[in-house]
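Order of appearance sets the numbers: ligands from 1, and atoms from 1 within every ligand.
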Amino acid sequence: VVEPSAVAATWVFTDHVLRCVLCQRTYPPTYGAATCPEHGSPGGVLDVEQVGTASSRGTGTALVANANGTAHGLPGRASGGVGLAPGYLARTPLVDAPRLAEDLGIAQLLVKDEGRNPTGSLKDRPSALAVELALALGYRTVACASTGNAASSLAGACANVGLVARIFVPAGTPAAKLAQLAAFGARVVLVDGSYDQAWRLCESAVREFGWYNRNCAVNPYLIEAKKTCAHEVAEDLAGEAVDWVSVSVGDGCTVSALYKGFQEAQRSGVLAAVPRLLAVQAAGAAPIVNAFNAGVGEVDAVVPHTTADSISVGSPRNAVKALRALAGTRGAAVAVDDDEIMAAQRCLARLGGVYAEPGGAAGIAGVRRARHAGLVGRGARVVHVATGSGLKSSAILGSAEPYPLIEPVLSALNAVMAEEARHL
Ligand SMILES: Cc1ncc(COP(=O)(O)O)c(C=O)c1O
């Protein structure tokens, strides 16, 4: 392992310091994974805070680095000014879903379909950056603990550049996500326990073996990549404000990153106002929702249980930042039960044409709840971030009617259609 500080000099990270979210002390850039020496993990999460003006930081005018290689607020290589894996990551679409908006009783619903990322989730953004950083710092192995998506995205990004991905996932991780890991050739251990236990094991292993750490709550740089999702939304809105952005929450990194990205978009004049954030958790794994609604700054860990595997997190690692994102946007937090999540997955697919995994669709259940509670008004314009593809889970089959198996003759089809007609 090359000493990180020696190699970091070859990088043009925008001038920055790392600020502890608890004590506000600042520390010099590390380019690696670090928490506040005073507060440690999980409390002392650091934030990358830029120093200097936008014009001294970037070479282009776009906020987004993925497609065009220019970026404000995003690290880049000295040679090309490229921040995030060009050609590997592509911009994801903001899909207008008028039928679902009508069903939800709101004026407009736009779905940011993060399932269209290369391995099918928003996690491809931070994984691409983690790999770029690991390469620049001279690491050969990158590790993460994951409910599945960070893992498959890291495995794909590592495969693209020839690094080793060390993956710690709970034994209950869905087969589709394990299949991705197998395809990309990651070194995987199934941890006989929860995500929280897998996370702790991964942290010990990173210390023991000196791997690059891709865990978002201890690697402050990764939020800099996640926030490009908000930059893209802001650019696609072309200056028009939206009232709410809904997103599902596990550790709390994604909602924090959206907050940062929208704040930057507003500061640079791309977005008229920072939207209110609607954080949605499964009722069986809702420590951040509980803390926010109780008005307390600290979360009480829970034993998580939900079918939405990707947000099954009992001890969130980035709760402080997440709670600040909600407070800072006059946001709201709602917990939805598993039936609501599965109904949301169906609605998003059938009325929006976007197939998201349960954890990626949970935000739609949150919007419905918030609409019923009068929090989200009839005239509201809402963006939902669909964080992961439905192809990562076959959960929907659990509630779907079995398909009729028929002889390959028209008479058999006629019988099925007659049966259908009887149920109309
Ligand atoms: C599909 C999906 N949605 C939402 C989340 C929650 O993100 P965070 O843990 O950053 O809050 C995850 C995290 O794994 C995820 O995979």
J.: Examine the side chains of T307 and D338 and answer whether a donor and an acceptor come within less than 3.5 Å of each other.
T.: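 Yes, because at least one side-chain N or O of T307 sits under 3.5 Å from a partner of the opposite role on D338.
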J.: So which protein heavy atom does atom 6 (C) of ligand 1 come closest to, and at what separation?
T.: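 Of the protein heavy atoms, G250 N, 3.4 Å lies nearest.
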J.: Could you establish whether G252 and ligand 1 come within less than 4.0 Å of each other, counting only heavy atoms on the residue side?
T.: yes
J.: Which atoms of ligand 1 are found less than 4.0 Å from any heavy atom of K226?
T.: 10 (O)
J.: Taking the inter-plane angle between the rings of Y31 and H16 on a 0 to 90° scale, is it parallel (under 30°), tilted (30 to 60°) or perpendicular (over 60°)?
T.: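 The arrangement is perpendicular - the two ring planes meet at more than 60°.
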J.: Considering D251, V280, T254, V385, which one's heavy-atom position lies nearest to atom 7 (O) of ligand 1?
T.: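 The residue whose heavy atom sits nearest atom 7 (O) of ligand 1 is T254.
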J.: Indicate whether the side chain of S256 and that of R324 have a donor and an acceptor atom separated by less than 3.5 Å.
T.: no
J.: As an exercise, identify every atom of ligand 1 less than 4.0 angstrom from a heavy atom of S310.
T.: 1 (C), 2 (C), 12 (C), 13 (C), 14 (O), 15 (C), 16 (O)
J.: D47 pairs by salt bridge (charged side-chain N to carboxylate O under 4.0 Å, His left out) with which of K260, R25, K227?
T.: K260
J.: Would you mind running through ligand 1 and noting each atom that sits below 4.0 Å from a heavy atom of T147?
T.: 14 (O)
J.: I need the contact type for I311 against ligand 1. Using non-hydrogen atoms and a strict under-4.0 Å cut-off, is it side chain, backbone, both or neither?
T.: side chain
J.: Regarding T92 and E114, is there a side-chain donor-to-acceptor distance under 3.5 Å anywhere?
T.: yes
J.: Is there a donor in the side chain of Y88 and an acceptor in the side chain of D124, or the other way round, less than 3.5 Å apart?
T.: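 D124 and Y88 do not have a side-chain donor-acceptor pair below 3.5 Å.
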J.: List ligand 1 atoms under 4.0 Å from V249, heavy atoms only on the residue side.
T.: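 Counting atoms of ligand 1 from 1, those under 4.0 Å from V249 are 11 (O).
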J.: List every atom of ligand 1 that sits less than 4.0 Å from any heavy atom of C253, numbering the atoms from 1 in the order shown and giving each element.
T.: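 Atoms satisfying the 4.0 Å criterion: 8 (P), 10 (O), 11 (O).
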J.: Which of the numbered atoms in ligand 1 are under 4.0 angstrom from any heavy atom belonging to E357?
T.: 1 (C)
J.: What part of K177 sits under 4.0 Å from ligand 1 if we count only heavy atoms: the side chain, the backbone, both or neither?
T.: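 Neither part.
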J.: Tell me which protein heavy atom sits closest to atom 14 (O) of ligand 1, plus the residue, atom name and distance to 0.1 Å.
T.: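 Answer, as residue, atom name and distance: K123 NZ, 2.6 Å.
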J.: Measure the distance from atom 16 (O) of ligand 1 to every protein heavy atom, then report the residue, atom name and distance (to 0.1 Å) of the closest one.
T.: N149 ND2, 2.7 Å
J.: Any chance the side chains of Q180 and S152 put a donor and an acceptor closer than 3.5 Å?
T.: yes
J.: Would N149 and E357 count as having a side-chain donor-acceptor pair, cut-off 3.5 Å?
T.: yes
J.: Below 4.0 angstrom from a heavy atom of S248, which ligand 1 atoms are there? Numbered from 1 as shown, please.
T.: 3 (N), 4 (C), 6 (C)
J.: Would you kindly say whether R346 and S399 are connected by a side-chain donor-acceptor distance under 3.5 Å?
T.: yes
J.: Minimum heavy-atom separation for N219 to N213, with atom names?
T.: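 Closest heavy-atom pair between N219 and N213: ND2-O, 2.9 Å.
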J.: Just to confirm my output: which protein heavy-atom neighbour is closest to atom 2 (C) of ligand 1, and how far is it?
T.: T387 OG1, 3.3 Å
J.: Would you please determine whether G359 falls within less than 4.0 Å of ligand 1 on a heavy-atom basis?
T.: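 Contact check G359 vs ligand 1: positive.
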